[in-house]
Trainee: 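Have a look at this one.
The structure displayed is predicted, hence computed values, not measured ones.
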Amino acid sequence: MIMSRIDRLDDSLKSVLQCASVVGRSFNTTILSRLIPENLDFLLDVLHDMDLIFESKAFPEREYSFKNAFTQEVTYNGLLLKRRKEFHQRVADVIEDLYHGRLEEYYEILAYHYSRAEAFLQASCYLLAAANKTKNMYANEVAINYFREAIEVMEKDPAHDAAMLSSAYEGLGDVYERIGDYEKAL
């Protein structure tokens, strides 16, 4: 039912909804405006009037959310895989450009988008950065997950950096040692 409603949308409205679904359940207009530069405010107003999205935050940046999680999920899953990867790549590039002075706040988001875009080099860099960031915050389980994902992504890439892979294994071992799992640490 949701998919049929989305399919009936005008192409420009559908494009905004699809792009927003890649950004996430909530999306700010600053990022979206870099991806859909023309008539964005008008298109968001129309989607709002259609009860598909709502304004969830007005300050410091306008942010919208999907009215229903299923709408976001159905829209996202309705994208062709190639188009989905392209959107993830573009979203990550925009985030890097917009927030270049404070990327540490966005390591996890950048890792997510570059991973989904299958941009292995960028994904492994940001996964490793997110892993080290969470390790330093003593968020051990989260750090373990990021280190494991970084290792997995690097091993998928035939041109991976051996020093980065070694660093990921060392970081993972450090976290296991910290939590007392010496067998896994070794």
Side-chain angles (χ1 to χ4, degrees), residues 1-57 61-99 105-131 134 141-142 144-157:
M1 196 163 86
I2 294 171
M3 183 55 93
S4 67
R5 186 172 181 202
I6 294 167
D7 285 341
R8 288 192 306 260
L9 291 175
D10 174 80
D11 285 343
S12 56
L13 290 170
K14 190 186 302 185
S15 181
V16 170
L17 208 58
Q18 289 171 335
C19 193
S21 76
V22 171
V23 174
R25 173 99 159 76
S26 295
F27 50 94
N28 78 36
T29 56
T30 306
I31 292 172
L32 213 53
S33 69
R34 295 281 187 99
L35 302 167
I36 314 271
E38 296 179 21
N39 301 322
L40 181 62
D41 289 332
F42 171 75
L43 296 170
L44 289 171
D45 287 342
V46 172
L47 291 169
H48 180 271
D49 291 344
M50 295 177 77
D51 214 26
L52 293 169
I53 62 173
F54 66 96
E55 189 173 353
S56 52
K57 190 164 67 170
E61 298 173 310
R62 267 181 53 210
E63 184 174 286
Y64 285 88
S65 296
F66 282 86
K67 190 83 168 200
N68 184 319
F70 291 121
T71 304
Q72 188 258 337
E73 191 176 319
V74 167
T75 305
Y76 181 81
N77 290 329
L79 282 166
L80 295 174
L81 187 57
K82 181 181 177 192
R83 185 136 164 89
R84 196 182 309 169
K85 287 179 188 177
E86 289 169 1
F87 272 139
H88 278 294
Q89 179 74 44
R90 290 175 56 204
V91 168
D93 291 343
V94 165
I95 291 170
E96 266 189 332
D97 185 49
L98 279 173
Y99 306 110
E105 297 172 36
Y106 297 93
Y107 287 162
E108 298 85 353
I109 295 168
L110 288 163
Y112 170 79
H113 286 294
Y114 279 128
S115 292
R116 298 310 175 271
E118 294 183 4
F120 296 124
L121 178 60
Q122 294 101 323
S124 35
C125 287
Y126 284 113
L127 284 164
L128 195 53
T134 53
E141 291 302 318
V142 176
I144 287 170
N145 290 334
Y146 280 125
F147 279 121
R148 283 184 177 164
E149 192 175 349
I151 291 165
E152 185 180 307
V153 167
M154 284 184 235
E155 289 178 344
K156 284 181 187 175
D157 183 8

Trainee: Going by salt bridge (charged side-chain N to carboxylate O under 4.0 Å, His left out), name the residues that satisfy it together with K14, two or more places apart in sequence or in a different chain.
Mentor: none
Trainee: In a check of side chain to side chain contact (heavy atoms under 4.5 Å, CB included) between L52 and each of I2, L44, T71, which one passes?
Mentor: T71
Trainee: Which residues pass the side chain to side chain donor-acceptor pair (under 3.5 Å) test with Q18, not counting sequence neighbours?
Mentor: none
Trainee: Does either side chain, that of Y114 or that of E96, offer a donor lying less than 3.5 Å from an acceptor on the other one?
Mentor: yes
Trainee: Rounded at 0.5 Å granularity, tell me how far OG in S4 sits from CG in L9.
Mentor: 10.0 Å
Trainee: Please round to the nearest 0.5 Å and tell me the distance separating atom OH of Y99 and atom CD1 of I109.
Mentor: 9.0 Å
Trainee: Less than 6.0 angstrom separating the ring centers of Y106 and H113, yes or no?
Mentor: no
Trainee: Please confirm whether the backbone N or O of I31 pairs with a side-chain atom of N28, one donor and one acceptor, at under 3.5 Å?
Mentor: yes
Trainee: With E155, which residues qualify under side chain to side chain donor-acceptor pair (under 3.5 Å), at least two apart?
Mentor: Y169
Trainee: Determine, step by step, whether Y146 and Y107 satisfy the ring-ring contact (aromatic ring centres under 6.0 Å, His included) criterion, reporting the C-alpha distance in whole Å, the side-chain angles of both residues, the deciding distance to 0.1 Å, and the verdict.
Mentor: CA-CA 11 Å; Y146 280 125; Y107 287 162; 10.0 Å; no
Trainee: Is it true that the side chains of D93 and Q89 contain a donor and an acceptor less than 3.5 Å apart?
Mentor: yes
Trainee: Check the pair S65, S26 against side-chain hydrogen bond (donor to acceptor under 3.5 Å, both in side chains), reporting the backbone distance first and the verdict last.
Mentor: CA-CA 4 Å; S65 296; S26 295; 2.8 Å; yes
Trainee: For the side chain of S56 and the backbone of E63, is there at least one donor-acceptor N/O pair under 3.5 Å apart?
Mentor: yes
Trainee: Whether the side chain of S15 engages the backbone of D11 through a donor-acceptor N/O pair (distance < 3.5 Å, no angle test) should be reported.
Mentor: no
Trainee: Among residues two or more places apart or on two chains, list those pairs meeting salt bridge (Lys or Arg N to Asp or Glu O under 4.0 Å) that have a residue in residues 22-42.
Mentor: R34-D97, D41-R62
Trainee: Which residues satisfy the side chain to side chain donor-acceptor pair (under 3.5 Å) test with R83, sequence neighbours excluded?
Mentor: none
Trainee: Quick one: side chain to side chain contact (heavy atoms under 4.5 Å, CB included) partners of E152, sequence neighbours excluded?
Mentor: K156
